[in-house]
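Residue numbers begin at 1 in each chain, while the letters A, B, ... track the order of the sequences.
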Amino acid sequence: MNRDYFKTPFGWVEIRADARRVEGILFVPEPLEASANELTERAKEALEAFLMGKAVHPLPFPCAFASELSRRVLEELAKLSFGEVVTYSELGRRALGVHQRAVARVMASNKIVLLYPCHRVVAQNGLGGYSGGGVERKKAILEWEKSLCAREAKTE
DNA sequence: GAACCAGGTCCCG
DNA sequence: CGGGACCTGGTTC
């Protein structure tokens, strides 16, 4: 298993990958010793693009999914653009009738943070949760995307 | 507004 | 293998 670390405005992320696929991109408190390989490099480039406001879909690397259903939900999720949000039920509907509860489960176990933007999925009556480092981080990411959109609109 | 149920998966006994 | 928990939401009291 190879690892590498990447600094975002929201904190450090750890990129984990083996030779065949990316196993996870998760928030960590601080970077540890890196052992990059080709896939972690590619993931890092994707993250850089993301921070520059470029949509990265489809992902430029293979990655691990918990199940077929979670793949469907996450692929659907990846079609959203910056600053755009959906509710759990709406996302479930788009992914061909997956129920909200299941969508929540998929989000909770999403291992590819940011690139599969599970932070863009909100509850109907509020923010919803975020296991990738607390609701504060979710809010911060959404705020950042919103300001990014505003900036793009201005420079347009 | 609170309580209860529903689909999908994981975790624990 | 059975039961319960979970980043929800709709219905019902």
Side-chain angles (χ1 to χ4, degrees), chain A residues 1-32 39-40 43-44 46-51 53-150:
Chain A
M1 181 76 78
N2 297 66
R3 303 161 187 281
D4 201 1
Y5 295 85
F6 184 75
K7 177 118 166 117
T8 75
F10 325 108
W12 284 94
V13 292
E14 179 183 79
I15 304 163
R16 282 201 303 256
D18 60 18
R20 346 197 85 204
R21 61 191 183 180
V22 174
E23 295 288 343
I25 299 179
L26 299 166
F27 283 108
V28 291
E30 58 185 25
L32 303 176
L39 280 181
T40 64
K44 205 195 302 193
L47 285 169
E48 273 167 14
F50 177 88
L51 288 182
K54 292 194 167 79
V56 275
H57 174 67
L59 295 191
F61 51 80
C63 54
F65 290 105
S67 66
E68 173 59 27
L69 183 140
S70 67
R71 194 189 61 78
R72 234 169 53 212
V73 174
L74 291 174
E75 283 299 317
E76 199 60 39
L77 175 62
K79 291 181 186 164
L80 295 184
S81 48
F82 283 76
E84 195 177 349
V85 296
V86 262
T87 60
Y88 291 87
S89 54
E90 174 60 24
L91 180 59
R93 202 170 308 145
R94 289 189 199 176
L96 269 51
V98 179
H99 278 238
Q100 316 86 283
R101 202 83 165 81
V103 173
R105 199 90 237 350
V106 172
M107 293 306 115
S109 55
N110 172 30
K111 287 196 287 228
I112 315 290
V113 157
L114 294 179
L115 298 181
Y116 279 119
C118 61
H119 55 271
R120 286 180 200 150
V121 186
V122 299
Q124 292 190 203
N125 62 335
L127 239 199
Y130 197 59
S131 57
V135 184
E136 286 308 310
R137 180 127 54 196
K138 181 173 187 174
K139 204 190 305 180
I141 300 172
L142 286 174
E143 288 298 320
W144 171 78
E145 289 196 349
K146 213 187 299 173
S147 73
L148 189 71
C149 284

* **Whole-Å distance separating the CG atom of A:Leu74 from the P atom of C:dC7** => 16 Å
* Asked: For the side chain of A:Arg137 and the backbone of A:Phe10, is there at least one donor-acceptor N/O pair under 3.5 Å apart?
  -> yes
* Asked: Roughly how far apart, to the nearest Å, are C:dC7 and B:dG1 at atom P?
  -> 23 Å
* To do: State whether the side chain of A:Lys111 and the backbone N or O of A:Ala64 hold a donor-acceptor pair below 3.5 Å, judged by distance alone.
  => no
* A:Lys79/A:Glu75 salt bridge by N-O under 4.0 Å criterion -> no
* Asked: Rounding to a whole Å, what distance do you find between A:Ile112:CD1 and C:dC7:C1'?
  -> 17 Å
* Donor-acceptor contact below 3.5 Å, side chain A:Ser131 vs main chain A:Ala108 -> yes
* Give the rounded distance in Å between these two atoms: CG of A:Leu142 and P of C:dC7. => 17 Å
* Structure fact -> B/S/- along nucleotides 8-13 of chain C (protein heavy atoms under 4.0 Å) is BSS---
* Nearest-Å distance, NE2 (A:His99) to P (B:dC5)? -> 17 Å
* Asked: Which one of A:Glu90, A:Glu84, A:Glu145 satisfies the salt bridge (Lys or Arg N to Asp or Glu O under 4.0 Å) criterion with A:Arg120?
  -> A:Glu145
* To do: Would you kindly give the CE-to-P distance between A:Met107 and B:dC10, to the nearest whole Å?
  => 14 Å
* **Rounded distance in Å - NZ (A:Lys139) to C1' (C:dC7)** => 15 Å
* Could you state the atom-to-atom distance from CZ of A:Phe65 to P of B:dT9 in whole Å? => 14 Å
* Asked: Can you give the dot-bracket line for DNA chain B, using ( ) for pairs inside the strand, [ ] for pairs that cross earlier ones, | for pairs with another strand and . for unpaired bases, where Watson-Crick and G-U count if both distances are under 3.5 Å?
  -> ||||||.||||||
* A:Glu23 bridged to A:Arg21 by N-O distance under 4.0 Å -> yes
* Assess whether side-chain contact (heavy atoms from CB on, under 4.5 Å) is satisfied between A:Val106 and A:Tyr116, documenting all intermediate values. => CA-CA 11 Å; A:Val106 172; A:Tyr116 279 119; over 6 Å; no
* Please work out whether the ring planes of A:Phe50 and A:Phe82 are parallel, tilted or perpendicular, with thresholds of 30° and 60°. => tilted
* Under the side-chain contact (heavy atoms from CB on, under 4.5 Å) criterion, do A:Phe6 and A:Leu51 qualify, and how do the steps go? -> CA-CA 11 Å; A:Phe6 184 75; A:Leu51 288 182; 3.5 Å; yes
* To do: Looking at every strand, decide which applies to A:Ser109 at a 4.0 Å heavy-atom threshold: base, sugar-phosphate, or nothing.
  => nothing
